[in-house]
Undergrad: 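Please find one structure pasted underneath; my questions will follow.
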Amino acid sequence: MIGTIIYVVGLVLAAIAALEIFKLNGDLAKKVIAIVLVLITSWVGLAVYYFYARTRIANWVK
């Protein structure tokens with residue numbers, strides 16, 4: 001039960017992060033790469049995105 005809840009929360013947060021990345025102005029290929037990395041790395045990718053890369057990713061995808 002707890003594992004399912006954690007999994008669903010991870011999916012929701014990953015989808016939100018992917019939408020935030022997709023809304024940025026920049027190269028589509030770089031945005032897709034960033035989205036795929038966040039989705040593949042699951043919770044680690046979400047932690048890196050929300051605690052480190054969120055403010056810097058706009059410069060990375062230009």
Side-chain angles (χ1 to χ4, degrees):
M1 180 71 175
I2 294 289
T4 304
I5 293 171
I6 291 172
Y7 177 75
V8 169
V9 169
L11 282 176
V12 170
L13 289 175
I16 291 170
L19 288 174
E20 288 179 8
I21 293 170
F22 192 72
K23 289 179 184 178
L24 295 173
N25 293 330
D27 187 23
L28 180 62
K30 290 180 182 178
K31 289 191 292 189
V32 169
I33 291 170
I35 290 169
V36 168
L37 285 175
V38 167
L39 293 175
I40 287 175
T41 57
S42 187
W43 281 99
V44 175
L46 287 171
V48 169
Y49 174 73
Y50 280 114
F51 294 122
Y52 178 74
R54 188 175 190 182
T55 58
R56 295 171 177 87
I57 203 159
N59 292 328
W60 294 346
V61 296
K62 286 185 180 178

Undergrad: Provide the full list of salt bridge (charged side-chain N to carboxylate O under 4.0 Å, His left out) pairs with a residue in residues 43-53, sequence neighbours left out, each pair given once.
TA: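 Residue pairs passing salt bridge (charged side-chain N to carboxylate O under 4.0 Å, His left out), neighbours aside: none found.
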Undergrad: Shared ILVMFWY cluster between I40 and V32, side chains joined below 4.5 angstrom?
TA: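 Linked within one cluster.
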Undergrad: Ignoring hydrogens, what is the shortest heavy-atom contact between V38 and A17? Give both atom names and the distance.
TA: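 Taking every non-hydrogen atom into account, CG1-CB, 4.2 Å.
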Undergrad: Would you list the atom pairs, donor with acceptor, under 3.5 Å between side chains in residues 2-13 and any protein atom, with sequence neighbours excluded?
TA:
none

Undergrad: According to the salt bridge (charged side-chain N to carboxylate O under 4.0 Å, His left out) rule, which pairs have a member within residues 33-46, sequence neighbours left out?
TA: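 Matches after skipping sequence neighbours: none remain.
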Undergrad: Which residues, ordered by chain and number, are linked to F51 in its hydrophobic cluster, where ILVMFWY side chains connect at heavy-atom gaps below 4.5 Å, directly or through other members?
TA: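 Listed partners: none, F51 stands alone.
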Undergrad: If you look only at distance, which donor and acceptor atoms sit under 3.5 Å apart when one is on a side chain in residues 53-62 and the other is two or more places apart or in another chain?
TA:
residue : atom : partner : partner atom : Å
R54     : NE   : E20     : OE1          : 3.4
R54     : NH2  : E20     : OE2          : 3.2
R56     : NH1  : Y52     : O            : 2.7

Undergrad: State, to 0.1 Å, how close A18 and I35 come at their nearest heavy-atom pair, and which atoms those are.
TA: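 Result for this residue pair: O-CD1, 3.6 Å.
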Undergrad: State the OH-CD1 distance between Y49 and I16, to the nearest 0.5 angstrom.
TA: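 Reported value, rounded in 0.5 Å steps: 10.0 Å.
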Undergrad: Without placing hydrogens or testing angles, list every side-chain donor-acceptor pair under 3.5 Å for residues 21-28, not counting sequence neighbours.
TA:
none

Undergrad: Which pairs with one or both residues in residues 29-50 pass salt bridge (charged side-chain N to carboxylate O under 4.0 Å, His left out), sequence neighbours excluded?
TA: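 Found none.
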Undergrad: Count I, L, V, M, F, W, Y as connected when their side-chain heavy atoms are under 4.5 Å apart, and connections chain through other members. Are L39 and V48 then in the same cluster?
TA: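 L39 and V48: separate clusters.
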